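This report refers to the structure that appears directly beneath it.
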Amino acid sequence: MRIDIISIFPGMFPAVLDESIIKRAQLKKKVRIFCHDLRDYTLDKHRKVDDRPFGGGSGMVLQVEPIFRAVQAIRKKTKSKPKVILLCPQGKKFDQSCARKLSACRNLVFICGHYEGIDERVREHLVDEEISIGDYVLTGGELAAMVVIDSLVRLIPGVLGDKNSLNFESFEGNLLEYPQYSRPAKFKNWPVPEVLLSGDHHKISVWRKAQSMQRTRMRRPDLLKK
Ligand SMILES: C[S@@+](CC[C@H](N)C(=O)[O-])C[C@H]1O[C@@H](n2cnc3c(N)ncnc32)[C@H](O)[C@@H]1O
């Protein structure tokens, strides 16, 4: 997979993308990630990317021209037509099934808005999908892009070492994951459930399934309705 990110703050990305599992995914060549500075796609000497909104109002709007140029330049570099995604609080709410669908794409482009947002013509003519990471407003699309990229990259086959860790994860099968414990078995007076120390795999599996159902019923009954 190839991922391109268009942002006016590309320096925000390495802290997240060059660490941990995403870093390893890149080293294993499961994904290539390119961060583009939107200002590199301007033609004026001040590298201006924003302007005041037509009709008045507060704040600045990211202009259509540099974004158009950036998307065109990326399209020339990708083998198949990329899916262009705009991070946006008005978009479809992001979830695990969306992450799974995106993890199967070959080329993704993420456009990060800033200030008051972006010129509407970007949405109308360049974007295939708008994604929101929740009902709140961020300063820019960078953090949202990182959230989406983190969750989809770990779903690319071969990125996580143990395939089972995905099968039993929260939201797979619309259930939350069961509780996890590790060593030491004895700490203060806080016991680990006996069944997990029993070595009986069948019993452990039954217990985990029951815990998973109970947790989901208590915390996220909406998932069970799906
Ligand atoms: C300050 S916001 C603009 C909000 C816009 N004025 C509105 O009311 O819809 C600036 C940028 O942050 C990003 N952003 C903010 N909240 C987001 C969210 N919940 N999900 C995804 N992106 C978000 C978008 O890229 C947006 O263009």
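This structure is a prediction, so every number in the text was calculated from the model and none was measured. Whatever order the structure lists them in is the order used to number ligands and atoms, beginning at 1.
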Identify, for [atom], the protein heavy atom at the shortest distance, and state residue, atom and that distance.
| atom | value |
| --- | --- |
| atom 16 (N) of ligand 1 | Leu138 N, 2.9 Å |
| atom 21 (C) of ligand 1 | Cys88 N, 3.3 Å |
| atom 19 (N) of ligand 1 | Tyr136 O, 2.8 Å |
| atom 27 (O) of ligand 1 | Gly113 CA, 3.4 Å |
| atom 23 (C) of ligand 1 | Pro89 CD, 3.7 Å |

Tell me, with the steps shown, if Ile111 and Val84 meet side chain to side chain contact (heavy atoms under 4.5 Å, CB included). CA-CA 8 Å; Ile111 301 175; Val84 180; 3.7 Å; yes

Counting from 1, what ligand 1 atoms have a heavy atom of [X] closer than 4.0 Å?
| X | answer |
| --- | --- |
| Gly141 | 12 (O), 13 (C), 25 (O) |
| Ser132 | 19 (N), 20 (N), 21 (C) |
| Ala144 | 21 (C), 22 (N) |
| Gly117 | 27 (O) |

Please verify whether a non-hydrogen atom of Tyr115 lies at under 4.0 Å from ligand 1. yes

So is Ile111 close enough to ligand 1, meaning a heavy atom under 4.0 angstrom away?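 Under 4.0 Å: no for Ile111.
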
Pick, from Leu62, Leu86, Leu87, the option with the minimum heavy-atom distance to atom 24 (C) of ligand 1. Leu87

Counting only heavy atoms, tell me which of Ile133, Ile118, Leu143, Val147 gets closest to atom 20 (N) of ligand 1.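 Residue with the shortest heavy-atom distance to the ligand atom: Ile133.
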
Give the intermediate values and the outcome of side chain to side chain contact (heavy atoms under 4.5 Å, CB included) for residues Val153 and Gln26. CA-CA 10 Å; Val153 166; Gln26 292 177 85; over 6 Å; no

If I take atom CG from residue Leu160 and atom CG from residue Leu155, how far apart are they, to the nearest 0.5 angstrom?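 Interatomic distance, Leu160 CG to Leu155 CG, rounded to 0.5 Å: 7.5 Å.
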
Rounded to the nearest 0.5 Å, how far does CZ of Arg217 lie from CG of Leu223?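 It is 12.5 Å, given to the nearest 0.5 Å.
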
Heavy atoms of the protein only: does one fall short of 4.0 Å from atom 8 (O) of ligand 1?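 There is no protein heavy atom less than 4.0 Å from atom 8 (O) of ligand 1.
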
Purely on distance, is any nitrogen or oxygen of [X] under 3.5 Å from one on ligand 1?
| X | result |
| --- | --- |
| Cys112 | no |
| Ile131 | no |
| Glu116 | yes |
| Val137 | no |

Within one Ile-Leu-Val-Met-Phe-Trp-Tyr cluster: Met12 and Ile3, side-chain cutoff 4.5 Å: yes

Indicate if Leu27 and Met1 have the same hydrophobic cluster label, given that clusters are the connected sets of ILVMFWY residues with side-chain heavy-atom separations under 4.5 angstrom.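 No, because Leu27 and Met1 fall into different hydrophobic clusters, even though each may have its own neighbours under 4.5 Å.
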
Testing the 3.5 Å rule here: is there a donor-acceptor pair between the side chains of Gln90 and Glu130?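 On atom types as modelled, these side chains do not qualify, holding no pair under 3.5 Å.
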
So, are Glu129 and Lys92 salt-bridged, with charged N and O less than 4.0 Å apart? no

Give the C-alpha distance, both sets of side-chain angles, the deciding distance and a yes or no for side chain to side chain contact (heavy atoms under 4.5 Å, CB included) between Ile5 and Leu17. CA-CA 11 Å; Ile5 305 161; Leu17 302 183; 3.8 Å; yes

Against the six-membered ring of Phe34, is Arg2 placed for a cation-pi contact (under 6.0 Å from the centre, within 45° of the normal)? yes

Apply side chain to side chain contact (heavy atoms under 4.5 Å, CB included) to residues Ile21 and Val159 and explain how you reach the verdict. CA-CA 7 Å; Ile21 286 168; Val159 165; 3.6 Å; yes

